[in-house]
Amino acid sequence: MNLVSRIFAGACLSALGLATTAQTPSRYDQHEAFAPGFYPMYGDEVRAADGTPGPHYWQNRADYKIEVALDDEKQSISGNVVITYTNNSPQSLSFVWLQLDQNIYSLKSRSVATTATGGGRWANRNAFDGGYDIKSVAIIQDGREVAASYSINDTRMQIKLPKEVKAKGGLVQFRINYGFNIPEYGTDRMGRLQTKNGWVYEIAQWYPRMCVYDNVNGWNTLPYLGQGEFYLEYGDITYQVTAPASHIVVGSGELLNPKEVLTAEQLKRWNAASASDKTVMLRSAAEVTEASSRPAGPKLTWKFKCNNTRDVAWASSKAFIWDAARINLPGGKKSLAMSAYPVESMGDSAWSRSTEYVKGAIEFYSEYLYPYTYPVAVNVAGIVGGMEYPGIVFCSYRARLGGLWGVTSHEFGHNWFPMIVGSDERRFPWMDEGFNTFINSLAEVKFNKGEYAGNRATPVDALARAFFNDNSESIYNVPDVTQQGNLGIVAYYKPSYGLKLLRESILGEERFDTAFKYYVHQWAFKHPTPYDFFHCIENAAGESLDWFWRGWFLKNWKIDQAVQDVTYQQNDPSKGSLITIANLEQLPMPVTVEIKEANGKTGRVQLPVEIWQHGGVWKFGYNSTDKIQQVTIDPDKKIPDVNVKNNIWPAQ
């Protein structure tokens with residue numbers, strides 16, 4: 001989910017006004033920084049010590065068949081879902097847990113009870129009293145449906161099983177009949193927007209979903225409060241949406257019945273778009289109010305299928321302008337970029353370029369990391385500011401130009417983290433938001449020859465103040481514990497900058513890119529933990545990085561490198577110099593030092609992080625030939641140092 005334009009911008013701009021951290025005595029302790037025993041456990045046959053899935057790695061599977069109807073007058077959803085759950089674990093299961101995310105919209109929910117009086121982005125607004133209406137729950141046995149014993153607690157439902165689901169391949173099926181009223185503002189995850197030509201519905205968290213059962217926590221049943229996101233099993237999802245015939249429905253996965261729901265002209269344009277690198281209009285602004293732009297009839301049923309996915313979402317409206325273009329993927333494969341938006345999103349809002357943005361972002365991420373896996377990629381303009389689902393994203397209908405590029409690139413970047421690499425967003429948002437924000441910065445440089453490059457450029461001293469001000473928190477926190485004003489930093493920008501430091505200052509681009517891609521390929525459609533990531537990068541890069549993981553990700557350690565002194569061999573600059581540097585805060589880093597001599601010569605010295613294993617002060621020799629005029633640590637200003645005043649000798 002995108003917080004780029006709101007949370008970080010505010011936090012970072014306010015940080016610009018903070019006073020620079022004053023010089024303090026050294027807080028550095030090499031015994032703590034390089035302490036052994038960083039990893040809480042060693043590898044086993046499920047999660048190997050090298051950070052890869054072990055030979056006996058397992059995860060459970062959830063397949064869904066969903067049938068729902070959208071009532072445009074009552075603004076509600078009703079239908080049923082059949083879930084086929086496969087237990088691949090080594091334990092038999094006597095009960096299962098499901099997520100009922102819509103229940104945060106009940107006024108009796110924990111989410112409402114834990115929302116501050118001032119509201120916020122994840123508040124249930126306008127006293128909307130919603131939630132699931134669970135009409136029935138049945139277990140399907142031998143083709144027969146038997147009423148299930150179940151209980152609901154807030155956003156979770158437990159189904160008790162009459163007989164255990166066997167380990168290592170046992171199956172159980174459920175049918176759940178349900179409905180819910182659609183909130184207008186669905187905590188910036190879903191909702192509905194009134195436009196001049198009708199409501200735009202963005203529908204997500206719209207069916208009961210299986211909780212993950214894994215070898216780390218067993219059943220993952222953290223309650224859904226709104227700020228943290230999701231952790232889901234993979235499977236195949238077939239779904240159908242019955243909506244007014246005047247509506248266009250777009251959704252995750254392949255549209256199975258285009259001939260039944262498109263006009264002959266739209267089908268022709270669809271085929272043209274599938275072969276075009278330029279955007280093709282499927283339904284123009286002028287056609288939105290023309291009855292001939294939709295097939296006749298009161299209702300139509302749109303059928304979709306999305307394979308090997310953790311979720312699906314969809315959108316529906318009679319107000320949609322609709323366009324598309326081909327996406328070119330590695331190995332000659334193709335996909336289809338689409339955008340659906342109301343007339344309010346035209347003009348200088350740049351939604352007419354949305355499909356170009358979708359195509360550009362996905363082509364870059366597919367080449368850099370892993371080929372995009374879905375047959376379509378849909379960008380929907382509506383009330384949601386920015387939210388991601390497999391194959392479809394929701395972005396603000398008011399987004400403009402570079403802002404629309406940024407949110408589109410970010411939300412589709414989530415198709416790699418966490419749609420392909422299925423980390424636990426509920427506990428570790430930095431493993432999807434932070435990693436995604438990092439790849440977004442690379443995409444900006446590449447898109448349209450850097451058209452929007454520099455959108456995220458922030459002086460490194462301002463970053464240091466944003467990362468390490470008096471109210472800062474550690475990255476390693478559950479998102480619902482993190483203060484809302486800090487979430488943009490600790491979930492998005494600080495972990496993103498951590499990867500940037502690895503790439504540019506610690507490992508180098510080639511080693512980092514190779515290791516990062518290796519991690520993605522090893523954990524594609526699986527569930528890595530933070531320690532799996534740490535192990536995987538270390539093993540692929542051939543570098544011990546526990547000092548960095550500990551200080552940057554788990555702790556909230558600061559960086560303060562300083563130049564302390566310069567002396568000369570035998571008091572003669574031509575015979576060489578001795579330069580003393582110090583690490584004054586808790587986190588060590590490799591060091592780049594630039595030396596300028598009076599004769600105009602400039603040289604650089606690169607020192608590894610291991611110099612700080614000997615303590616917080618390091619002295620090294622430099623083959624100077626003349627008096628040294630200036631010594632600068634981090635001359636390229638890549639390190640978020642909390643006190644840049646001591647980075648230059650002599651003091652400025």
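The structure presented is a predicted model; accordingly, all values stated were derived computationally and were not measured.
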- [ ] Please find out if less than 6.0 Å separates the ring center of Y389 from that of F394.
- [x]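 Under 6.0 Å, so yes.
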TODO: Please find out if less than 6.0 Å separates the ring center of W523 from that of Y57.
DONE: yes
Is it true that [X] and [Y] make a salt bridge, defined as a side-chain N closer than 4.0 Å to a carboxylate O?
{"X": "R426", "Y": "D480", "result": "no"}
{"X": "R125", "Y": "E184", "result": "no"}
{"X": "E451", "Y": "R353", "result": "yes"}

TODO: Apply ring pair (Phe, Tyr, Trp, His ring centres under 6.0 Å) to F230 and list each qualifying residue two or more places apart in sequence or on a separate chain.
DONE: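 Testing F230 for ring pair (Phe, Tyr, Trp, His ring centres under 6.0 Å), a comparison that skips the adjacent residues, returns Y224.
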- [ ] Identify the residue among W206, Y207, F180 that makes a ring pair (Phe, Tyr, Trp, His ring centres under 6.0 Å) with Y132.
- [x]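 The option that passes is F180.
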Hey, what's the ring geometry for [X] with [Y], parallel, tilted or perpendicular (30° and 60° as the breaks)?
{"X": "F533", "Y": "F435", "value": "tilted"}
{"X": "W430", "Y": "F428", "value": "perpendicular"}
{"X": "W322", "Y": "W270", "value": "perpendicular"}

Open item on the list: Please determine whether salt bridge (Lys or Arg N to Asp or Glu O under 4.0 Å) holds for the pair E425 and R310, giving the CA-CA distance in whole Å, both sets of side-chain angles, and the decisive distance to 0.1 Å.
Closed with: CA-CA 13 Å; E425 300 174 273; R310 46 175 259 159; 2.6 Å; yes
Distance-only criterion, 3.5 Å: show the donor-acceptor pairs between side-chain atoms of residues 371-381 and protein atoms not counting sequence neighbours.
{"from": "Y372", "atom 1": "OH", "to": "V376", "atom 2": "O", "distance (Å)": "2.7"}
{"from": "N379", "atom 1": "ND2", "to": "S354", "atom 2": "OG", "distance (Å)": "2.9"}
{"from": "N379", "atom 1": "ND2", "to": "T408", "atom 2": "OG1", "distance (Å)": "3.0"}

